Amino acid sequence: QVQLVESGGGLVQAGGSLRVSCAASGRTISGRAMGWFRQALGKEREFVGSISASGGVTIYSDRVKGRFSISRDNAKNMVYLQMNSLKPEDTAVYYCAVGQSAVVGETERNFGTWGQGTQVTVSS
């Protein structure tokens, strides 16, 4: 069974950058797509982006496209979310999740194991 731990969250000013990481343990994630989701206080969890098992395909929500990028290092069992040009509306708890297959997905049903999340707060 794979476990996921997110890290790297924190407080950043609007316009700044932050990189959050997702460390997987217990089993390799190299054969699975990975996803990032976020949940703001009082709102439902929403899709941020996804990366295929090989890393060759990435997709993003319209709200973060052009500002966020996902990468992975399968040798280290790690996935990263680089966030640039941050806005106050990006404030949320960010979660990584393991895909049900090697192919990218956009909905929660495409993903199985979830991490505990890391808080990202963007001040105006």
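Predicted, not measured: the structure shown is a model, and the values here were computed from it. In this chain, numbering begins with 1 at the start of the sequence shown.
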- Message: What verdict does the side chain to side chain contact (heavy atoms under 4.5 Å, CB included) test give for Arg32 and Val98, after you've listed the backbone C-alpha separation in whole Å, the side-chain angles of each residue and the deciding distance to 0.1 Å?
- Response: CA-CA 7 Å; Arg32 299 292 184 93; Val98 181; 3.8 Å; yes
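Inter-residue side-chain proximity for Ser123 and Leu11 is flagged as met; some heavy-atom pair is nearer than 4.5 Å. For the pair Gln116 and Val5, the minimum side-chain heavy-atom distance is below 4.5 Å. Inter-residue side-chain proximity for Ser61 and Phe68 is flagged as unmet; no heavy-atom pair is nearer than 4.5 Å. Counting heavy atoms from C-beta outward, Val79 and Ile70 have side chains that approach closer than 4.5 Å. Inter-residue side-chain proximity for Gln82 and Ser71 is flagged as unmet; no heavy-atom pair is nearer than 4.5 Å. Residues Cys96 and Leu4 form a side-chain contact, since some pair of their non-hydrogen atoms from C-beta on lies under 4.5 Å apart. Taking 4.5 Å as the limit, some side-chain heavy atom of Val48 sits within range of a side-chain heavy atom of Arg38.
Of the possible polar contacts, one joining the Thr118 side chain to the Gly9 backbone as a donor-acceptor pair under 3.5 Å is found. Side chain of Thr91 to main chain of Val122: a donor-acceptor pair is present (N/O by atom type, distance under 3.5 Å, no hydrogens or angles). Counting only distance, with no hydrogens or angles, the side chain of Asn74 and the backbone of Ala53 share a donor-acceptor pair below 3.5 Å. At least one donor-acceptor pair under 3.5 Å links the side chain of Asn77 to the backbone N or O of Ile29. Put simply, the side chain of Arg63 never gets that close to the backbone of Asp90: no donor and acceptor are under 3.5 Å apart. Between the Ser52 side chain and the Val103 main chain, no donor and acceptor come within less than 3.5 Å of each other. No side-chain donor-acceptor contact under 3.5 Å links Tyr80 to the backbone of Asp73. Listed for the Arg27 side chain is no donor-acceptor partner under 3.5 Å among the backbone atoms of Val2. Judged by distance alone, with hydrogens and angles left aside, the side-chain atoms of Glu46 form no donor-acceptor pair with the main-chain N or O of Glu44 at under 3.5 Å. For the pair Glu6 (side chain) and Val20 (backbone), a donor-acceptor distance under 3.5 Å is absent.
From Met34, atom CE reaches atom OG1 of Thr58 across 14.5 Å, with rounding to the nearest 0.5 Å. Distance SG/Cys22 to CG/Leu81: 10.0 Å, rounded to 0.5 Å. Taken from OG in Ser25 to CE in Met78, the straight-line distance is 11.0 Å, to the nearest 0.5 Å.
With sequence neighbours left out, Thr28 forms a side-chain hydrogen bond (donor to acceptor under 3.5 Å, both in side chains) with Ser30. By the ring-ring contact (aromatic ring centres under 6.0 Å, His included) test, Phe37 pairs with Phe47, Phe111, Trp114, sequence neighbours left out.
The list of salt bridge (Lys or Arg N to Asp or Glu O under 4.0 Å) pairs with a residue in residues 93-119, not counting sequence neighbours, reads Arg45-Glu108.
Both Ile51 and Tyr94 sit in one connected hydrophobic cluster of ILVMFWY residues. Membership requires side-chain heavy atoms under 4.5 Å apart, directly or through other members.
When all heavy atoms of Ser124 and Ala14 are compared, the pair lying nearest together is CA-CB, 4.3 Å.
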